[in-house]
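In what follows, a structure is listed as structure tokens, so that the remarks can point back to it.
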Amino acid sequence: MPAINVNLPAAQYRITIEPGALERLGELSRQAAPHDRALLVVDNAIAESHGKVAERSLQVAGFDVATVPMTANETLKTLQTVQRIYSVMLAQRLERSSPVIALGGGVVGDVAGFAAATYLRGVPVIQVPTTLLAMVDAAIGGKTGVNTPLPEGGLGKNLVGAFWQPRAVICDPQVLSTLDVRHLRCGLAECIKHGMIGDAGLLIAIEQDAGKLLAHDLDVLTSLIIRSAAVKIGIVQEDERESGRRALLNLGHTFAHAIEPIAELNLHHGEAVAIGLCAAAKTSSLLGVCDDAYVQRVEGIVSAVGLPCRIEKSVPTAQLMHAMMYDKKVVDGKLRLIIPVKPGEARIVENVPQEIVEQAWRQVGAS
Ligand SMILES: NC(=O)c1ccc[n+]([C@@H]2O[C@H](COP(=O)([O-])OP(=O)(O)OC[C@H]3O[C@@H](n4cnc5c(N)ncnc54)[C@H](O)[C@@H]3O)[C@@H](O)[C@H]2O)c1
């Protein structure tokens, strides 16, 4: 059974990546968090399909399970939803060792993880990611959280949260058969990012198998998940709390956060990250760090999986620069960016000159 162990100073857990693992959820959950009661938080979109398989498996393994369905939507990734989960936890009389099982994409994982981190000052959570993005990224590393209304209006993304490592992560690549190709592509953006920061071979694999990946080929997807998750695990093991190397995982994200909220662009997170990866590569080339051939290669991989390299509508560079300065990763108004160096290697650069970033924005289509 393909499993990777995560070893952190205060937590050790196993990530199982195996077609059919959902059928064994009960048994695997029992090994990770033995108790007689459990709470299953499930994405509404898959409650009737994968949710039922999960529920049955948990019951067969002897859990008395209560289920909370939730809609995976950023506007519902809030403390109100967490409150709703607490109510069911109380009604189910969950105790300190009763596990919460999060079955869904990153939204469900973050919300259920945060509820688990805070209920009774922390109960076990088992992450069962059902999107590619969550399998290779969100479910690994213990970040949980919700969005919060900002004083100036709108929602601040992931501003309230906790580090809460899961007891286990259980990935069944078969569940991706129901995921639409647009969301599959969004997960591929994070896989490309992982290749760029830590595994040059992963980039070659994506280049070679782009067609099979988009066709939901189970074997190719499974090896991609194993390889991509390994990059995130490696980084989290070195830097659990993002005091150093973990920041590399933000490659492309400071750019992405500037364009993602622009409604007219209609970009999903992974699509914004794809443009962000191209912009980060352009920045690197403008700084004389990576060569142009690598920039073109990144654009080629992004395009090969059907992700955008450029902003398709006119957006003023000044607006994007303003948004970037408000990103929570910006320290003291100084632009700190992650830039690619060569395949499999990226670096943190402090004080990137604004003119360079402006130029990079224009090269990816900003006006
Ligand atoms: N905690 C972390 O480290 C971390 C890292 C990256 C992203 N995130 C968070 O993750 C979220 C994004 O995650 P996401 O892309 O998984 O989004 P998501 O949870 O919104 O899922 C995307 C869509 O896919 C649907 N879906 C999920 N699984 C499905 C399946 N198997 N079949 C069919 N449909 C399915 C959902 O209903 C939803 O419509 C964001 O809120 C982001 O902040 C967290």
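No experiment lies behind these values; they were computed from the predicted model shown. Whatever order the structure lists ligands and atoms in, that order sets their numbers, starting from 1.
Protein residues lining ligand 1, listed by chain and number: D43, A45, I46, H50, A72, E74, K77, G105, G106, V107, D110, T130, T131, L133, D137, A138, K143, K157, N158, V175, T178, L179, H183, K232 [non-hydrogen atoms, distance under 4.0 Å].
For H183, the ring-ring contact (aromatic ring centres under 6.0 Å, His included) partners at least two apart in sequence or on another chain are H268. Every residue two or more places apart in sequence or in another chain was checked for a salt bridge (charged side-chain N to carboxylate O under 4.0 Å, His left out) with E23, and none qualifies.
One hydrophobic cluster holds both V6 and L28 under the rule that ILVMFWY side chains link at heavy-atom gaps under 4.5 Å.
More than 12 heavy atoms of other residues, nucleotides or ligands lie within 6.0 Å of CZ in R182, so this atom counts as buried by the packing criterion.
Cation-pi geometry between R37 and F63 is not satisfied (NZ or CZ under 6.0 Å from the ring centre, within 45° of the ring normal).
Residue pairs meeting the side chain to side chain donor-acceptor pair (under 3.5 Å) criterion with at least one member in residues 298-321, sequence neighbours excluded: K282-E299, S314-S367.
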